[in-house]
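A short write-up of the structure that comes next.
Reckoned from all heavy atoms, side chains included, excluding hydrogens, waters and symmetry mates. Every chain is numbered from 1 and lettered A, B, ... according to where its sequence line falls, protein lines coming before strand lines.
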There are 2 protein chains.
Amino acid sequence: MARAATTADAFNAVAEPRRREILDVLAGGERTVNELVQLLELAQPHVSRHLRVLREVGAVEVRDAGRQRVYRLQPRALKPIHDWVSGYADLWAERFDLLEGVLDDLRNQDDGH
Amino acid sequence: MARAATTADAFNAVAEPRRREILDVLAGGERTVNELVQLLELAQPHVSRHLRVLREVGAVEVRDAGRQRVYRLQPRALKPIHDWVSGYADLWAERFDLLEGVLDDLRNQDDGH
DNA sequence: CAATCGTATACCCATATTGATATGTAAAGA
DNA sequence: TCTTTACATATCAATATGGGTATACGATTG
């Protein structure tokens, strides 16, 4: 069995840095494929394929405008990621680091004896 | 060129559901490899390899305890993910959805004429 | 020292990937 | 209608993957 498809879920889709860049650009407003090509300095077919992946996980939506296709962000698709990682956000807060330090010290003292 | 390595960064490491499960378990406290094997119902070599990936991105740390190896969470490694996705968190808030709806309506009216 | 336990690593396989390039297609313009 | 524009898709190559299984290795135990 191979690695999960990038279209499997938002986690996989967003693992690719280029796709995160695309989303970052779209966060600033709708964009045409060509606009993305120029902004990201990527080949057009690559942009199209990245957009396809993002579409399949629901992170972007398309709208036809003549012979252009306008993509826009659909940030809700990122919510599962946010929900998951937020559960860890507390754990690296400073106060927890301090606590962790204390606990480490206690452990080391135990090891020492 | 193939897909980026899972060890390239936290985003890639965490794209695998099994690795997220491992982190979720470790969020509850340190665990031995065997404990993870039993909790996750995965083959031991697979757990070991997943742990290796998580180690390489700094998401877990190991401690030797006799012939066992105790893994613990290092949540700081997930901070880049949280930082990135938090930028989108506002965008799916209800009030923004409402605003978005209004904007869509306006756009459609324009298209109609 | 031999046997066993707890982990890590090596190997094989099937698969999905990204980049590059070429080609197909629908819309707009001459 | 022919051409150009704007995208999407197909194909090829190289590669990293995760699962399965076998095996190697260090620590503990007898």
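For C:dA27, its base never sits under 3.5 Å from the side chain of A:Gln68 at any donor and acceptor pair. At a cut-off of 3.5 angstrom, the base of D:dG18 holds no donor-acceptor pair with the side chain of B:His50.
Less than 4.0 Å separates DNA chain D from at least one heavy atom of each of the following residues of residues 8-21 of chain B: B:Glu16, B:Arg18, B:Arg19.
In this view, A:Arg3 satisfies the side chain to side chain donor-acceptor pair (under 3.5 Å) rule with no residue, not counting sequence neighbours. With sequence neighbours excluded, the residues satisfying salt bridge (Lys or Arg N to Asp or Glu O under 4.0 Å) with A:Asp83 are A:Lys79.
At the phosphate of C:dG6, neither OP1 nor OP2 sits under 4.0 Å from any side-chain N or O atom of B:Arg69.
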Mind listing the N/O atom pairs, protein and nucleotides 2-5 of chain D, below 3.5 Å?
from	atom 1	to	atom 2	distance (Å)
D:dT5	O4'	A:Arg67	NH1	3.4
D:dT5	O2	A:Arg67	NH1	3.4

Could you run through nucleotides 11-16 of chain C and give me one letter per nucleotide, 5' to 3': B if any protein heavy atom sits under 4.0 Å from the base, S if only the sugar-phosphate is that close, - if neither?
-> B---BS
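Atom CD in B:Gln44 sits roughly 16 Å away from atom P in D:dG26 (whole-Å rounding). Remark: P of C:dG6 and CZ of B:Arg63 are 17 Å apart, rounded to the nearest angstrom.
Each of A:Ala43 and A:Val53 has a nearest nucleotide on DNA chain C; the 5'-most of these lies closest to A:Val53. Nearest-nucleotide positions on DNA chain D place A:Val33 closer to the 5' end than the other of A:Val33 and B:His46.
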Under 3.5 Å, which donor-acceptor pairs link side chains of residues 6-16 of chain A to any protein atom two or more places apart or in another chain?
from	atom 1	to	atom 2	distance (Å)
A:Asp9	OD1	A:Phe11	N	3.0
A:Asp9	OD1	A:Asn12	N	2.8
A:Asp9	OD1	A:Asn12	ND2	3.1
A:Asn12	ND2	B:Ala15	O	3.3

